[in-house]
Amino acid sequence: MKKFKLRRGYDIKLPGETVRTIEPFTLPNRIAFKPTDFIGMKPRLLIEPGDKVKIGTPLACDKNNEKIKIVSHVNGEVTEIVRGDRRVIQMIVINVDTDQHEKEPEFAINDLNKNSIIDTLLESGLFFNFVQRPFNKMANPADTPRDIFISAMDTAPLAAESSLILQGNESSFQKGLDVLSHLTSGKVRLSFKPEETAFSEFKNCELYNFSGPHPTGNVGVHIHHIAPIRNAHDIVWTCSVQSVIHIGRLYETGILNQEILVKVAGSAVDRRYYHRTVVGAQVSHLVKDLNENSRIISGNVLTGKQIESDGFVGYHDNLVTVIPETTEPEFLGWLNPGFAKPSWWKTFASALLFPNKVRTVDTNMAGGHRALVINDIYEEVVPMSILPSHLIKSILVEDIEEMEALGIYEIAEEDLALCEYICPSKTEFQQIIRQGLDLIEKEG
Amino acid sequence: MKSLYNFIQKFSSLFGKGGKLESLYPIYEMGEGFLFVLPQKTKTGAHIRDSIDMKRFMITAYIAMVPAFFFGIFNAGYQHFLSLGQSATILTILLKGLLIVLPIYLIVLVVGGVWEVLFAVLRKHEINEGFLISSFLIPLIVPPTIPFWQLIAATTFGIVIGKEIFGGVGMNIFNPALVARAFLFFSFPRSISGNSVWTVFGEKTIDTYTAATPLAVVSDTVTNSGGIIQILADKGYTWFNMFLGTIPGSIGETSTLAILLGLLLLLITKTASWRIVISVIAGGFAMTTILNLIAPDSSHIFALPFHYHFVMGGFAFGTAFMATDPVSSSSTRQGKYFYGFLIGAVAILVRTVNPAYPEGMMLAILLMNTFAPLIDHFVVQKNKKRRLKYASQ
């Protein structure tokens with residue numbers, strides 16, 4: 001087993017860690033699918049509000065490839081289609097029936113060759129479990145990925161522990177790995193922390209150990225160190241631990257069961273547990289007794305999406321973070337020695353004297369936008385051979401050749417999220433990376 | 001403070017989009033930002049952000065220069081009374097120094113501020129706190145006798161040509177303060193070189209007072225059996241008083257001690273790049289060692305050891321506050337080693353080989369500012385080549 005020790009990066013220490021207890025499974029009253037979770041999908045609805053749906057009923061398909069479908073994994077009734085600007089579909093909301101016993105016909109699971117697996121995954125909606133690199137978007141069923149990467153370690157602030165997600169699902173996970181191995185021309189590559197030995201037993205995949213601060217757990221970092229993406233056509237797929245379990249479960253039983261583990265964390269919520277529920281659960285089902293003036297994030301504080309208190313957990317997310325919103329202006333803040341300011345920098349007394357103390361962080365921008373002034377610090381939080389500020393500048397001037405040469409195919413938004421956090425000029429790194437990737441897709 | 005905040009917020013619509021005074025928004029933003037860290041919520045991307053901002057960053061650099069500034073005030077007064085041969089109380093010295101230095105600082109601050117605000121309003125960008133640094137640096141690197149009109153011209157040149165025409169802070173190629181100094185150096189050489197400009201003289205000067213800077217002393221071709229250090233000592237310059245800074249020179253550059261205090265702050269707060277600082281010193285040391293080896297005799301300037309070079313002229317000041325300027329220095333981590341090393345080496349080379357330019361540090365930094373993009377180019381090229389290599393596998 002190959003071991004990687006990465007030095008660069010930064011662990012933001014946030015208060016609001018969750019106790020390691022798992023609540024028993026409960027079914028939410030409502031779930032929702034958000035087509036925006038699947039980057040690159042242009043949804044066309046196959047149902048209307050009021051329609052009864054069952055497990056396995058397709059809800060929407062992609063306009064460019066009708067085989068790619070969003071499929072209901074519960075029995076219930078479509079109550080609402082939420083649309084955003086230009087009538088783009090934001091959410092398909094389903095009222096979940098209390099009785100889930102009436103199952104749809106089982107999926108074909110005995111044929112383990114690439115084409116039939118892809119067909120089954122498309123039919124069950126689980127094809128969305130794959131995310132493609134480069135471009136960090138939904139995978140294309142026509143591709144044969146060079147490798148499939150699974151990160152069984154999430155180093156983001158307050159992230160759910162992969163070993164807890166795995167707990168009790170070991171056989172499904174192994175089954176999932178077996179299925180995945182038929183889809184790639186190369187290997188299924190699984191990376192995990194050295195201390196999480198539960199992952200070292202799995203077969204039918206290559207095992208890797210990574211250790212180091214965030215973003216060491218990002219799958220993009222693993223790809224970079226194990227077998228980097230060479231160009232726009234060098235396609236690999238990535239898959240989360242939870243997603244592998246879902247695929248494995250389907251192939252074990254023939255039944256679509258998207259039960260997941262969701263961690264609720266963050267300083268603005270008092271009741272913090274791991275919950276067993278289903279994909280797309282309404283967040284009010286999980287987060288109760290919300291403090292006033294708080295922000296609910298589906299995902300982690302660096303890359304997650306803000307959701308309302310009646311919103312829904314994202315398709316790929318195992319974490320709901322609740323942090324306080326910023327409210328109070330601070331008088332003459334630049335003069336404050338800063339004994340309570342959380343910072344990667346050392347210009348505050350807090351970071352200088354007690355760098356390991358956990359401090360409450362709110363949603364304050366803590367400054368205005370400025371031109372990029374300090375250019376080499378970003379490398380210190382990116383454990384890859386990437387020059388973030390040079391890459392960002394090449395995107396801003398829309399120089400595609402330069403972006404390619406500087407390695408835009410190797411990264412996704414999440415890999416530079418820490419740059420965004422530490423930037424004193426408050427540069428929107430993630431948004432700029434997405435612009436660059438979209439530009440290349442459009443032009444290419 | 002809440003009421004003051006609410007009071008200011010009342011005006012936000014006036015300066016905001018569609019407001020009557022929208023064009024003056026940068027001024028409003030500056031005032032508001034000066035008084036309050038705003039409770040501005042993150043909208044896109046990461047939901048939490050580091051507490052650092054450009055203001056904090058620049059203020060830290062500003063504070064780092066304060067010891068050198070205060071010592072400059074003291075020394076301007078001290079040299080004045082020393083040249084008169086009078087003894088004076090510390091208070092009178094400071095008062096005299098304040099009278100000399102404060103007008104210089106205020107002029108630069110006002111002139112620099114006016115240009116910065118003017119360009120910010122015209123080009124509709126925020127007022128960048130970088131001008132605080134430039135306008136603090138310029139007074140520290142001019143002689144205390146600088147004529148005000150020349151100072152105004154130099155500040156204007158430094159800010160406008162050195163910075164604003166490139167698009168403001170973050171876009172400039174050269175360090176604006178050094179551009180201002182170079183402007184003075186080449187346009188008004190008599191105001192910034194020679195032996196008579198470093199001290200504000202009184203009505204009479206006593207014979208024993210050495211007005212020449214240590215660098216001018218070592219550049220003179222005098223031989224002395226005691227070697228170069230003895231030549232300095234004969235003029236009253238020991239290593240220790242040069243380290244302390246009680247010598248004639250530009251306002252802020254004489255005290256290596258005060259500069260090192262500031263440098264310490266810059267390094268522990270990560271505000272300056274330690275890579276640059278270490279490599280400037282290494283470059284200076286390497287070049288001095290070579291020169292020491294080839295020195296024709298012990299009283300030649302080549303024979304001057306590095307720890308003397310470090311405390312003389314602008315070497316320490318340039319290392320701490322000029323070479324480390326994040327904008328005009330090399331923008332890659334590896335590039336910073338080359339950039340710093342060459343500054344150190346070139347500075348020593350210029351000041352020893354060409355007696356016409358005893359102040360090599362300024363020229364070395366400006367020269368390397370020019371080459372910083374080239375150095376970066378090679379580093380970036382290396383990064384790209386590595387990628388190309390596995391791309392072709």
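Chain A is the first sequence line, chain B the second, and so forth, proteins listed ahead of strands; every chain is numbered from 1.
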>> Can you tell me how far apart CD1 (A/I377) and CZ (B/R333) are? Round to the nearest 0.5 Å.
In response: 11.0 Å
>> Nearest 0.5 angstrom please: B/I48 CD1 to A/I12 CD1, how far?
In response: 4.0 Å
>> At a heavy-atom distance under 4.5 Å, which candidate from A/P424, A/G367, A/S425, A/G407 has the highest pair count against chain B?
In response: A/P424
> Of the backbone (N, CA, C, O) and the side chain (C-beta and beyond), which part of A/I297 lies under 4.5 Å from a heavy atom of chain B, both, or neither?
Replying inline: side chain
> Once you round to the nearest 0.5 Å, how far does CD1 of A/I422 lie from CD1 of B/I52?
Replying inline: 10.0 Å
> So what's closer than 4.5 Å to chain B heavy atoms on A/T363: side chain, backbone, both or neither?
Replying inline: both
>> If I measure from the heavy atoms of chain B, does A/D362 come under 4.5 Å with its side chain, its backbone, both, or neither?
In response: backbone
>> Heavy-atom cut-off 4.5 Å, strictly under: side chain, backbone, both or neither for B/K336 against chain A?
In response: side chain
>> Does this structure show an ion pair linking A/E404 with B/R387, if we count only N-O contacts that are shorter than 4.0 Å?
In response: no
>> Which atoms of A/I323 are under 4.5 Å from chain B, going by heavy atoms: the side chain, the backbone, both sets, or neither?
In response: side chain
> Of all of B/D325, B/T332, B/L265, which one pairs up most often with chain A through heavy atoms under 4.5 Å apart?
Replying inline: B/T332
>> Checking B/S331 against A/H390: is there a side-chain donor and acceptor pair closer than 3.5 Å?
In response: yes
> If you look at every heavy atom in A/A371 and B/V169, which pair is closest and at what distance?
Replying inline: CB-O, 3.5 Å
>> Could you report the tightest heavy-atom contact between B/T269 and A/W345, atom names first, then the distance?
In response: O-CE3, 4.2 Å
>> Atom CZ of residue position B/R123 - does it have more than 12 heavy atoms of other residues, nucleotides or ligands inside 6.0 Å?
In response: yes
>> If you count heavy-atom pairs within less than 4.5 Å of chain B, which of A/A227, A/G368, A/A417, A/P228 leads?
In response: A/P228
> Which heavy-atom pair separates A/G304 from B/H47 by the least distance, and what is that distance?
Replying inline: O-NE2, 2.8 Å
> Which of the residues A/I386, A/L418, A/T303 is involved in the greatest number of heavy-atom pairs with chain B at under 4.5 angstrom?
Replying inline: A/I386
> What part of B/T42 is in contact with chain A, defined as an atom under 4.5 angstrom from a non-hydrogen atom: side chain, backbone, both or neither?
Replying inline: both
> Rounded to the nearest 0.5 Å, how far apart are CG of B/D376 and CG of A/L387?
Replying inline: 9.0 Å
> Judged by atom type as modelled, is there a donor-acceptor pair below 3.5 Å linking the side chain of B/D53 to the main-chain atoms of A/K426?
Replying inline: no
> Does B/R56 use its side chain to pair, donor to acceptor, with the backbone of A/T347 at less than 3.5 Å?
Replying inline: yes
> Closest approach of A/Q430 and B/A46, non-hydrogen atoms and distance?
Replying inline: NE2-N, 3.3 Å
>> Does B/F70 have more than 12 heavy atoms from other residues, nucleotides or ligands lying within 6.0 Å of its CZ?
In response: no
>> Counting neighbours of OH on B/Y62 that are heavy atoms of other residues, nucleotides or ligands and sit closer than 6.0 Å, is the number greater than 12?
In response: yes
>> If we define contacts as heavy-atom pairs under 4.5 Å, which of A/E410, A/H369, A/E413 has the most with chain B?
In response: A/E410
>> For A/Y421 versus B/R49, what's the shortest heavy-atom pair and its separation?
In response: CE1-C, 3.4 Å
> By a 4.5 Å heavy-atom criterion (distance strictly below it), what part of A/R295 contacts chain B: side chain, backbone, both, or neither?
Replying inline: side chain
>> Test side chain to side chain contact (heavy atoms under 4.5 Å, CB included) on A/E402 and B/K384; report intermediate values, then the result.
In response: CA-CA 9 Å; A/E402 186 80 0; B/K384 289 181 187 168; 3.0 Å; yes
>> If you count heavy-atom pairs within less than 4.5 Å of chain A, which of B/I63, B/N383, B/I268 leads?
In response: B/N383
> Should the heavy atoms of other residues, nucleotides or ligands under 6.0 Å from CZ of B/F69 be counted, would the total exceed 12?
Replying inline: yes
> Can you tell me how far NZ of B/K41 sits from CG of A/N364, rounded to the nearest 0.5 angstrom?
Replying inline: 10.5 Å
>> Please check: side-chain N/O of A/S343 versus main-chain N/O of B/D50, any donor-acceptor pairing under 3.5 Å?
In response: no
> Between B/T44 and A/Q431, which heavy-atom pair has the shortest distance, and what is it?
Replying inline: OG1-OE1, 3.8 Å
> What part of A/E420 is in contact with chain B, defined as an atom under 4.5 angstrom from a non-hydrogen atom: side chain, backbone, both or neither?
Replying inline: both
>> Heavy-atom pairs under 4.5 Å with chain B: which of A/T321, A/L406, A/D234, A/L14 has the most?
In response: A/L406
> Taking atom CD of B/Q334 and atom CG of A/D376, what is their separation to the nearest 0.5 Å?
Replying inline: 11.0 Å
> Should the heavy atoms of other residues, nucleotides or ligands under 6.0 Å from CH2 of B/W115 be counted, would the total exceed 12?
Replying inline: no
